[in-house]
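Shown next, in structure tokens, is the structure this report addresses.
Order of appearance sets the numbers: ligands from 1, and atoms from 1 within every ligand.
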Amino acid sequence: MSWKLAVLGVVVCAMTALVVRLALGGSDQTKSGTTEIVRVRETETRAPAEPIRVSPPSSASDSGAEKARSRPPVTRKPRPRLSLAGKTISVDPGHNGGNFTHIEEIDRPVPAGANGTTKPCNTTGTETNDGSLTEAQFNWDVAQDLVPRLEHLGATVVLTRDSNDGVGPCVNERAEIANHAHADVALSIHADGNLAVGAHGFDVIHPSTAEMVAPQQAGPSLKLAEAERDALVGAGIPPANYVGQDGLDERSDLAGLNLAEVPAVLVELGNMRDEGEAAKLEDPAYRHDLADALAAGIVSFLHGS
Ligand SMILES: [Zn+2]
């Protein structure tokens, strides 16, 4: 009996050892399985999180940086400085649509300077080579763009003519309108008609003292001319390559400037006889840019910057 008991004891011990090993192995497998699941979960949760976290915050910070870089130029134009409240601007769209059919009337001589010189009351102005746009119409269109801009900034605007269908007024009367209004700025809008090949670009004409009835306005008129020139150049409008210098031209033969008792300039906004420039001047978007620049120049002049 005792050997049977001994055999049974050995068998029981072996089975116990097997159960214990199985139990331990199962435990290891469970641990290993759990670890694997955790690892998979970590991988699963990390994988989609990374592109979401990295990409958007990175691009958000990039666009934030771009905004930070592009913001200053926009905010460098503080609104309060743009105000023209209390200011009076005389806007003179050169010539008039009815001048073409009233040559005799506009041809009569009128006072044109301080020393008894005279000039014709007015002229027809130029036009594009194909005749599709007259200077009188162009001047009127730019003025129509400019006036609401100035009024929006608080200015009182005095126009020297109220349509493009009339005749005149004479150049001396246009100066008188600005003087009578005690305008802070007198701006005469024109376009040129130069036949030289390739002649294009704007120029801002300011008066020399030679014929001025108010020579003390020569300095302020030059500053106004520089402000308008700078604004036009800043808007990408090319300065003239055939007249004046750097977009400025001093003259003593323009009645509207000679007779002005306020800061006054005459802008030739482009050469209508140049095919390329004529196409631009016929483009409403280009005229909007011109009006924007003219308004900006007036603001700059009146705020001394
Ligand atoms: Zn003109």
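The name of the N, O or S atom in His95 nearest to the Zn ion (ligand 1) is NE2. With respect to the Zn ion (ligand 1), Glu135 has OE2 as its nearest N, O or S atom. Summary: ND1 is the N/O/S atom of His190 found nearest to the Zn ion (ligand 1).
Formation of a donor-acceptor pair under 3.5 Å by the Asn115 side chain with backbone atoms of Thr117 is not found in this model.
Salt bridge Arg174/Asp92: present, at least one basic N to carboxylate O contact under 4.0 Å.
With sequence neighbours excluded, no residue forms a side-chain hydrogen bond (donor to acceptor under 3.5 Å, both in side chains) with Glu173.
Sequence neighbours left out, the pairs with a member in residues 87-157 that pass disulfide (SG to SG under 2.5 Å) are Cys121-Cys170.
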